[in-house]
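Values below: all heavy atoms of this structure, side chains included; hydrogens, waters and symmetry mates excluded.
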Amino acid sequence: MSLSKFAINRKITVLMVSILVIILGSVAFFSLGLDMMPDIDYPMISIITTYRGASSSDIEETITKPVEMVISSVKNVKKITSQSAENQSIVSVEFEWGTNIDASSQDIRDAVEQIIGFLPADANRPMVMKFNVSDMPILMYGVTGLEDIIQLEKILEDDVATRLKQLKGVASVMSMSSEEREIQVVVDKMKLDQYNISINQISNIIRGQNQNIPGGSIDQRQNEFLIRTIGEYETLAEIENTPVTMTKTGKTIFIKDVAELKDGIMESKSHIRTNRKPTAMMMITKESGANTLTVTDAVKKELTAIKSELGSNIEFSEILDLGQPIQLVTSGAVSNLLVGGLLAICIMFLFLRNWRPTLAISLAIPISLIATFIPLYLAKYTLNLMTLGGLALGVGMLVDNAVVVIENIYRNMELGKNRIAAAEIGTTEVAMAITASTLTTVAVFFPMVFSKGIAGILVRGLALTVSFSLFASLFVALTIVPTFASVFFHKKSMQKTNGKSG
């Protein structure tokens, strides 16, 4: 039994399947993320090492060159570039497209781990970072209202970021400013000489005292308790009362006896301003695949509630909102998609001059589009310029199969067959033809799926979307259209239409 014959004889089954497709497609549509472009995982990894107080030449000799040498043996490396500047070394590694970037980043970490012991002792541990477009901020605010920027940044971290992170789709909330708190120990050289104390001794004592050290565990009956020695400084007084040495007379010399402590701000070479006011920046990133517009709307709504609780002094000035251009572009693509579908239906009506076949085509287009959302969701794609462009491109081709089936059903009705027999025979006669035609069109787009590089990532979504929509239209033309024709088409209306066209 052919698919069309089964559909005609099982009309209720076809109706249930159509309703199921519409429900699943609708759920998939609202679950799809909305972005400007597809997720592009660039094969780029950066190794960032900070070494404060070092010149660019020292950075290059002691950090950059050893890192370059050890990572050159990693597989699939295409190019290595480096930048040595004051206080910082950045080594960028570009891999071949198609490389598993997660596995490569682990290889980089393993390679860097081999030279950790050979780097300068005062240098920070190298950070291995992957570059991903989805990690870019979708919202950026300049927050003003307090003269104490450090206190403002603390409010953002404690009161604002903790609430925003709880929102669905929010991946991270970062805050930054040009000011960083610094406890300055201003030593008195004369007193150091008086007590025969060196500056390194002061530094080592403060570093050694400012630590939390694990102390093992204690077993008590059936319970086990972990022990920690808490020694990190919490106040300036604790630093001032840190003992340094003892004189021959038995007098204990404290930090406050040889130095003055200042709770100040670290020297900065840059300043951040919003509306000419000192500001702290806040950046929000979304989870991969999350709907950008949904996340930005939720964040803005929550920020309105937070602002009313914090008071009118603190202002959130919007600097970046990726939701706005995405909304403009996607709404334009969706409107073009709808206009294209309506124009296709109107043109079919002008040629057929009968509302029954036009209604069949009107059902074929939206059902095919809704069915396309299901494989898009399963393939973990988002609605973006490429997938929406594929849908718009496929709208014009969605009606082809349905028109061929309807025309052949008409021809069989003109030959004297009843509508059920005409629907069954007419669909069966052209089934192989429209299947071959659909596969031929898919064969044009499907090779794009195997394209490599950034071009392959961009066109892959378009090619798969067109292919999915064409297969959906083929299924609709072989099942729903003949079922509709076997119920609603009438020979009298057919003859009347053909008479007008003649």
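- Closest approach of Pro137 and Leu320 over heavy atoms only: O-CD2, 3.7 Å.
- Residues Ile306 and Ser308 fail the side-chain proximity criterion, which asks for heavy atoms closer than 4.5 Å.
- Contact check for Thr382 versus Leu32: no side-chain heavy atoms found under the 4.5 Å cut-off.
- With contacts defined as side-chain heavy-atom distances shorter than 4.5 Å, the pair Ile425/Lys417 qualifies.
- Here the CE-CG distance, from Met432 to Leu439, works out to 9.0 Å after rounding to the nearest 0.5 Å.
- The distance from atom CE of Met281 to atom CG of Leu156, rounded to the nearest 0.5 Å, is 10.5 Å.
- A distance of 12.0 Å separates CG in Leu391 from CE in Met386, rounded to the nearest 0.5 Å.
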Next on the checklist: Thr144 vs Glu315, test: side-chain hydrogen bond (donor to acceptor under 3.5 Å, both in side chains). Steps then yes/no.
Outcome noted: CA-CA 5 Å; Thr144 59; Glu315 294 289 337; over 6 Å; no
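- Between Lys300 and Asp321 there is a salt bridge, since a side-chain N of the basic residue sits under 4.0 Å from a carboxylate O of the acidic one.
- By the neighbour-count criterion of 12 heavy atoms within 6.0 Å, atom CE of Met129 is sparsely surrounded, having that number or fewer from other residues, nucleotides or ligands.
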Checklist entry - Are Asp110 and Gln114 close enough, and set up right, to give a side-chain hydrogen bond (donor to acceptor under 3.5 Å, both in side chains), and what steps lead you there? => result CA-CA 7 Å; Asp110 294 340; Gln114 300 175 11; over 6 Å; no
Checklist entry - What's the verdict on side chain to side chain contact (heavy atoms under 4.5 Å, CB included) for Lys78 and Met44, showing C-alpha distance, side-chain angles and the deciding distance? => result CA-CA 10 Å; Lys78 180 180 180 181; Met44 182 78 70; over 6 Å; no
Identify every side-chain donor-acceptor pair in residues 464-471 under 3.5 Å, counting partners at least two apart or on other chains, and give the distances.
| from | atom 1 | to | atom 2 | distance (Å) |
| --- | --- | --- | --- | --- |
| Thr465 | OG1 | Gly461 | O | 2.6 |
| Ser467 | OG | Ala463 | O | 2.9 |
| Ser469 | OG | Thr465 | O | 3.1 |
| Ser469 | OG | Val466 | O | 2.8 |

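- Between Lys75 and Glu96 there is no salt bridge, since none of the side-chain N atoms of the basic residue sits less than 4.0 Å from a carboxylate O of the acidic one.
- Of all heavy-atom pairs spanning Ala298 and Leu167, the tightest one is O-CD1, 3.7 Å.
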Checklist entry - Which is it for Thr296 and Leu322 under the side chain to side chain contact (heavy atoms under 4.5 Å, CB included) test, yes or no, and what are the steps along the way? => result CA-CA 8 Å; Thr296 54; Leu322 288 184; over 6 Å; no
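- The side-chain heavy atoms of Lys165 and Ser172, taken from C-beta on, include no pair separated by under 4.5 Å.
- At least one donor-acceptor pair under 3.5 Å links the side chain of Thr279 to the backbone N or O of Val143.
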Sequence neighbours excluded and cut-off under 3.5 Å, please list the side-chain donor-acceptor pairs for residues 363-370, or say none.
| from | atom 1 | to | atom 2 | distance (Å) |
| --- | --- | --- | --- | --- |
| Ser368 | OG | Ala364 | O | 2.7 |

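- One distance of note links OG of Ser72 with CD1 of Ile80; it measures 5.5 Å at 0.5 Å rounding.
- The closest donor-acceptor contact from the side chain of Lys11 to the backbone of Ile8 lies under 3.5 Å.
- Listed by first and then second residue, the salt bridge (charged side-chain N to carboxylate O under 4.0 Å, His left out) pairs involving residues 421-447 are Lys5-Glu424, Arg411-Glu429 (not counting sequence neighbours).
- Judged purely by distance below 3.5 Å, without hydrogens or angles, the side chains of Ser84 and Thr64 pair a donor atom with an acceptor atom.
- Residue pairs satisfying the ring pair (Phe, Tyr, Trp, His ring centres under 6.0 Å) criterion with at least one member in residues 7-37, sequence neighbours excluded, are listed as follows: Phe29-Phe373.
- A heavy-atom distance below 4.5 Å is not found between the side chains of Val17 and Val14.
- Phe475 CZ: 12 or fewer foreign heavy atoms inside a 6.0 Å radius.
- Using a 4.5 Å cut-off on side-chain heavy atoms (C-beta onward), Arg125 and Leu119 make no contact.
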Item to check | Pair Ile47-Ile108, side chain to side chain contact (heavy atoms under 4.5 Å, CB included): steps then yes or no | outcome: CA-CA 9 Å; Ile47 300 97; Ile108 292 289; 3.8 Å; yes
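- Between Leu303 and Met282 the shortest side-chain heavy-atom distance falls below 4.5 Å.
- Closest heavy-atom contact between Ser18 and Ile480: OG-CD1, 3.3 Å.
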Next on the checklist: Could you go through Val77 and Phe95, starting from their C-alpha distance and side-chain angles, then the distance that decides it, and tell me whether this counts as side chain to side chain contact (heavy atoms under 4.5 Å, CB included)?
Outcome noted: CA-CA 5 Å; Val77 172; Phe95 292 87; 3.7 Å; yes
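- Nearest approach of Glu68 to Val91, heavy atoms of both residues: CG-CG1, 4.2 Å.
- Surrounding CG of Leu378 are more than 12 heavy atoms belonging to other residues, nucleotides or ligands, all under 6.0 Å away.
- Of the possible donor and acceptor atoms, none in the side chain of Asn275 sits under 3.5 Å from a partner among the backbone N and O of Lys277.
- With rounding to the nearest 0.5 angstrom, the CZ atom of Arg460 is 14.0 Å from the OG1 atom of Thr387.
- Annotation: side chain of Leu164 is in contact with side chain of Glu302 (closest heavy-atom distance under 4.5 Å).
- The stretch residues 435-445 participates, sequence neighbours left out, in these side chain to side chain donor-acceptor pair (under 3.5 Å) pairs: Asn401-Thr438.
- Closest heavy-atom contact between Thr427 and Pro482: OG1-CB, 3.3 Å.
- Taking all atoms of both residues into account, the shortest heavy-atom contact from Pro126 to Ile116 is CD-CD1, 3.5 Å.
- A distance of 15.0 Å separates OG in Ser175 from OH in Tyr141, rounded to the nearest 0.5 Å.
- Partners of Asn418 by side-chain contact (heavy atoms from CB on, under 4.5 Å), not counting sequence neighbours, listed by chain and number: Ile420, Ala421.
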